[in-house]
Amino acid sequence: MGSAEVDKHTPPSDKHKDKSKDKDRKHDKEERKQGKEDRKHSKEDKKVDKEEKKKGKDKVKDKAEKNQHVEVKNEPLSEDDDVPLASRSFSQTSQDSEDDDQPLAFRKKIKTEVKAEKPVKRKAEDMVVDDEDDYASSKKKNKKGKEEKKGKAAATANGASPTKRVKKEKKEEEETWKWWEEEKHEDGVKWKSLEHKGPVFASDYEPLPGNVKFKYNGKEMKLSTAAEEVGSFYAAMLDHDYVTKDVFNKNFFKDWRKFMTHSEKEIITDLKKCDFTYMLTYFKAKSEEKKNRSKEEKQQLKAENEETVKEYGWCIIDGHKQRIGNFKIEPPGLFRGRGDHPKMGMVKRRVMPEDVIINCSKGTAPKPPPGHKWKEVRHDNTVTWLASWTENVQGQVKYIMLNSASRLKGEKDWQKYEIARQLKDSVEKIRETYKEDWKSKEMKIRQRSVALYFIDKLALRAGNEKDEDQADTVGACSLRVEHISLHEQKDGKQCVVVFDFLGKDSIRYYNEVPVEKRVFKNLQIFMENKKPGDDLFDRLNTTIMNKHLNDLMEGLTAKVFRTFNASNTLQEQLDKLTDPKSSVTEKILAYNRANRAVAILCNHQRAVPKTFAKSMENLQKKIDTKRETIEDAEKSYKDLKKEAKKTGSAAAKIAAGKKEKQVEKLKEQLMKLEVQATDREENKEIALGTSKLNYLDPRISVAWCKKNDVPIEKIYNKTQRDKFQWAIDMAGPEFVF
DNA sequence: CTTTCAACTTAGCAATCTTGGG
DNA sequence: CCCAAGATTGCTAAGTTGAAAG
C-alpha cells in the first residue's frame, strides 16, 4: 500500500497551503462557523460557555497552586495577568557570574566520574562500530586542522586559544554510551538517578535608550518599563504578516493594556494611533550592528554560549552525561499561533523560577537563581522531564527534556519502530477485518472501519477534537462533511473522494482518491442529512478508534499506521529505485526520491524557498557552462588524438590521454549538476526532514547505506547520526523493515 | 461514560552557521 | 577573503495518547 497512491497526491494546481488563499477561505469559514454552532447545539451544548470554562480553568490553577509543596515554600502567585513582565527583577548576569565560581567544582566532579566509568563499559563488540568511530574521528581531525588555523588567528588576537581547548573537550565527551546494549529499566521507571543544573532563564529586559521614541497620536510618550517591553514585542513584528490580522492586533492590544500603568491605560486606547516605527528602526539597527561585529567579538560571544551549554546543557542520568534538548526557558513575547489561531497576538508572560518545577534525584536539586525559589522540587522517576512550567496563553505545561541522542529518547524511538514492524506482520489481517466491517449493521463500526481505511491508506493523523480556542484543523476522526466531496466519476476514475482540509499546523491536505465502492456508499450514507459543518464520523472519536486498534494488536494506535506506512514505503521505494550498478550520486538521488515519496504520503510540505527561482537559474547557468566546457574539451581531445596519430609521438599520446581523462571528469561533474537540479526541482515544496527524523526507521537507511557502499554521512548529518547512533550500530546490510 | 490533564512526539519556520565559488 | 546560497540548528506550536478526574 502507499506506493501507488504516492504520486496521486498532486492536486490540480494549488496543492499547497497557499496562504494567499486565506481570503477565499474566509467565506467558507463563516459557513463553517455557522455549522459549528449547529453542531454545538445538536450535541447538547457539550462545549461549556466561555464564562464557565474560565471558571474551570481557574479551578485548575488553584489546584496547581495547592499542589506546590515539598522543599519550597508556597509563594502565592499574584494574579499573573497583572504582573508586569519586569516587575520581579533578577539579574541574569549576576547570576551567571556567581554560579560560575561554584559550579566549576561541580563540573569537574562530573567529568572525572564519567571518565572513570567509561573504559569499564566499553566491550569487545565495540569493534563493530569502530569503522564509524574511525571515520568520525578522522573527520574530526580534519576539522581540527582547520580549527587550529582559526585558533592561531584567535591566539594572536586574544593571547590564548580558546577554540582549541573547547574542541579537545568535545572530543572527550564524544565517546558514546551504548545504551542499546544494556538492560532496560523496569516498566514505568525512566531513570534511577538524575542530576542537572536547572533551566536557563531569558535575560532581563533592557529598557530602550531615551532617544528611541514611542508616539501616540503623533505625540511623543515615555512608556513605563513593562508597557515598553510588551510594546517592543509588537514593534519588532511590524514587518510581519501577523500585524495585518485583526485577531492578532485585538489580542495584543487587550493584553498590552494589562501591562500599562493606570495613566497609560487612559491615554492609549487605540492601537492604530500607536507609532512603533522608531522602536522598529532601533531594533533593525541593532541587529545590523550585531551582524557587523568584529571577528573577535563574535568569537567571544560564541565562547560564552558554549560556556552556558557546558554548564546547563547537560545532565547526569543514571551515571551518564547526556545532552539536554531545550535547557532554555522560552522568553516572553507575543504568541504566534499557526494558521487561523484565535489566540494569536496574546502576550506570553515572562517565566520566573517561581513558575518552574524541578524534577531530579533527591538531594541534588539545583539552586534557584539568587533571590528566587522554585515553585516545587519533585523526584518523580516515572517521567522524563527535568523541569516544567505552565505557559499562560494556552495553559499548557512546557517541559525541559533530553536531547534526541539520549538514551531516554532513543529507546522510545527504537520501540516505536518495533511496533510499526509488528504492524507490518498483522496489517493484512487488520485490513481484512476492517473491510469486513464496512458491511456491519452497526453505524459506529462502519464509521470506524472507514476512518481506519483512511488512516491506513492515506496515512492520515488520528484527528482529536479541538477546542474553540484553537485553530480549526482536522484529522481522520474529526473530518467534517465539508472536507470531502464525492464523485462517482472523476478524470475517468470511479468513486473518487476528494479531500480538502487543513491538518496539523494548518497545512492543507488535498487529495483525490479513488476508493472501493463500499467505502463510497458508506460515505454517502454518513453524509446524509448533514450540514457541511457536521462531523462525518459522528459516532467516532480517537479514543474509540485507539481502543479498537489496541484490541487488534497490542500497542497499536492510529499513529503507528503513519510510522508503518512511511517506513514501509521507504523500504519498497529503495528496493525499487536503487540500481546497484549506479554511482553514489545516482544512488543518493534514488534515496532522496524514496524519501520524497514518503514525505508526499505524509503531506510534509514547505513553503517554496524564497530564493528558489534564482538558485535554480544559477544552477542551470552552471550546467550550461559546463556543457560548453565539455564541448571544447572534446574538440581539443579529438585534435590531440589526430595529432598523436599523425606524429606518433609519445608526448602527444600522453597529452591526448590526459585530455580524455579530463573530459570524463567534466562529464561526471555535469552529471552531478544535473542530478542536483532534478533533485532540487522535485523537492521544491516538499520537506524531507520531518519524515527522516520522525517516521523512517533509521535502520532501513543504515542498511541501505551499508549494502550499497554509500557513506552514512551522505544521508545523515551530524545531529541525525547522533540521534540514530543506535541504528547505525545495530543494523547490518541485511536489515529489512 | 465524558472531560481534562500530563507527558511526550511531530511540525514548519526563523535564525544561525557553513561552505564553496568568485 | 567575502558573500550569498544552502544546510543545520533552535524554537516552540500543535499534535497523539493514556490516565485521572468528574
Side-chain angles (χ1 to χ4, degrees), chain A residues 17 43-44 46-48 53 56-57 59-60 63-64 143 146 190 240 287 290-291 295 298 301-302 305 309 325-331 333 335-339 341 343-344 348 357 359 380 382-385 388 390-391 393-399 401-404 408-409 412-413 416 461-467 470-471 473-478 502-507 541-547 549-550 555-560 562-563 566 599 602-607 609-612 614-616 618-619 622 676 680 687-691 693-695 716-720:
Chain A
K17 50 167 177 189
K43 282 196 175 176
E44 290 184 67
K46 264 204 304 202
K47 314 264 172 193
V48 213
K53 215 188 224 165
K57 268 193 184 153
K59 232 191 269 169
V60 169
K63 207 176 54 199
K143 223 178 183 174
K146 272 188 216 161
K190 304 292 168 64
H240 202 284
S287 77
K290 224 167 132 192
K291 243 189 275 167
K295 241 178 218 151
K298 278 182 185 168
L301 223 65
K302 203 174 160 190
N305 282 337
V309 171
N326 57 328
F327 55 91
K328 286 182 185 159
I329 290 211
E330 294 171 17
F335 176 79
R336 302 152 89 117
R338 318 244 170 100
H341 198 117
K343 293 194 167 183
M344 63 168 82
K348 198 165 78 168
I357 303 175
N359 191 32
D380 182 354
T382 68
V383 295
T384 66
W385 51 268
S388 74
T390 302
E391 161 266 350
V393 174
Q394 310 227 68
Q396 291 168 334
V397 188
K398 301 268 191 166
Y399 303 93
M401 286 183 184
L402 290 183
N403 179 278
S404 31
L408 232 37
K409 295 288 184 188
K412 198 79 187 295
D413 213 34
K416 171 182 80 184
R461 296 188 185 83
N464 284 299
E465 272 148 73
K466 294 183 78 185
D467 281 349
Q470 294 171 290
T473 63
V474 298
C477 296
S478 52
L502 298 182
K504 182 178 180 180
D505 292 314
S506 293
I507 298 289
N541 61 39
T542 53
T543 312
I544 295 171
M545 177 62 79
N546 280 330
K547 198 164 283 161
L549 291 176
N550 198 253
L556 187 60
T557 64
K559 88 186 182 97
V560 177
R562 242 168 112 77
T563 313
C602 294
N603 201 38
H604 291 142
Q605 305 186 358
R606 63 166 180 178
K610 285 181 193 96
T611 54
F612 184 82
K614 210 191 331 162
S615 86
M616 224 38 201
N618 288 343
L619 195 55
K622 257 200 233 167
Q676 200 186 349
R680 197 180 294 174
L688 299 185
T690 305
S691 49
L693 230 53
N694 300 304
Y695 287 105
Y716 289 145
N717 67 31
K718 181 75 179 80
T719 325
Q720 297 170 151

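Note that this is a predicted model, so its numbers are computed, not measured. Just so we're on the same page: letters track the sequence lines, and every chain starts at 1.
- Between the CD1 atom of A:I544 and the P atom of B:dC1 there is a distance of 9 Å, rounded to whole Å.
- The phosphate of B:dA11 has OP1 or OP2 within less than 4.0 Å of a side-chain N or O from A:Y695.
- If you check B:dT16, B:dA7, C:dC11 against the side chain of A:K290, the one that comes closest is B:dT16.
- Annotation for A:K290: atom NZ does not count as buried by contact number, only 12 or fewer foreign heavy atoms lying within 6.0 Å.
- The distance between atom CG of A:L502 and atom C1' of B:dG12, rounded to the nearest whole Å, is 15 Å.
- The residue A:G463 sits close only to the backbone: its heavy atoms come under 4.0 Å of sugar-phosphate atoms, none of a base.
- We find that CG of A:N326 is positioned 11 Å from P of C:dG10, with the value rounded to whole Å.
- Under 4.0 angstrom from either OP1 or OP2 of B:dT10 there lies no side-chain N or O belonging to A:H604.
- A donor-acceptor pair under 3.5 Å is absent between the side-chain atoms of A:D505 and the main chain of A:I507, judged by distance alone.
- The shortest distance between the side-chain N/O atoms of A:N717 and the OP1/OP2 oxygens of C:dT8 is below 4.0 Å.
- Between the P atom of B:dC5 and the CD atom of A:Q470 lies a distance of 12 Å, rounded to the nearest Å.
- For the pair A:L556 and A:N550, the minimum side-chain heavy-atom distance is 4.5 Å or more.
- Both A:T543 and A:T563 sit near DNA chain B, but only A:T543 has its closest nucleotide nearer the 5' end.
- Distances from the side chain of A:R461 to the nucleotides C:dT12, C:dG6, C:dT16 place C:dT16 closest.
- When distances are taken from the side chain of A:H240 to each of B:dA14, B:dA6, C:dT17, the shortest belongs to B:dA14.
- Using a 30° and 60° split on the angle between ring planes, A:H341 and A:F335 fall in the perpendicular class, above 60°.
- Between the A:N326 side chain and the A:M401 main chain, a donor and an acceptor come within less than 3.5 Å of each other.
- For the pair A:N550 and A:R338, nearest-nucleotide mapping onto DNA chain C gives the more 5' position to A:R338.
- With rounding to whole Å, A:D380 atom CG is found 11 Å from B:dA6 atom C1'.
- Dashed line: the shortest gap from a side-chain N or O of A:T542 to OP1 or OP2 of C:dT16 is not under 4.0 Å.
- Note on A:R606: every side-chain N or O is 4.0 Å or more away from OP1 and OP2 of B:dA11.
- For the pair A:K343 NZ and C:dA14 C1', the interatomic distance rounds to 14 Å; values are reported in whole Å.
- Side-chain atoms of A:N546 lie closest to C:dT17 of the nucleotides C:dC11, C:dT17, B:dT9.
- Side-chain atoms of A:K416 and base atoms of B:dT9 include no donor and acceptor less than 3.5 Å apart.
- Comparing A:T690 and A:V383 against DNA chain B, the residue whose closest nucleotide sits nearer the 5' end is A:V383.
- Atom pair A:M545:CE and C:dG18:C1' shows a separation of 17 Å (rounding to whole Å applied).
- Taking the nucleotide of DNA chain C with the nearest heavy atom to each of A:K547 and A:P331, the more 5' of the two is matched to A:P331.
- Taking atom NZ of A:K718 as the reference point, atom P of C:dG10 lies 12 Å away to the nearest angstrom.
- Residue A:T384 places at least one side-chain N or O under 4.0 Å from the OP1 or OP2 atom of B:dC8.
- An OP1 or OP2 oxygen of C:dA5 is reached within less than 4.0 angstrom by a side-chain nitrogen or oxygen of A:K614.
- Every residue two or more places apart in sequence or in another chain that forms a salt bridge (charged side-chain N to carboxylate O under 4.0 Å, His left out) with A:K416 is listed here: A:D413.
- Residue A:T473 places at least one side-chain N or O closer than 4.0 Å to OP1 or OP2 of C:dG15.
- Neither OP1 nor OP2 of C:dG15 sits under 4.0 Å from any side-chain N or O of A:N464.
- The side chain of A:K302 sits closest to B:dT18 out of C:dT12, B:dT18, B:dG12.
- Distances shown here put every side-chain N or O of A:N694 at or beyond 4.0 Å from the OP1 or OP2 atom of B:dT9.
- Not one side-chain nitrogen or oxygen of A:K398 sits closer than 4.0 Å to the OP1 or OP2 atom of B:dA7.
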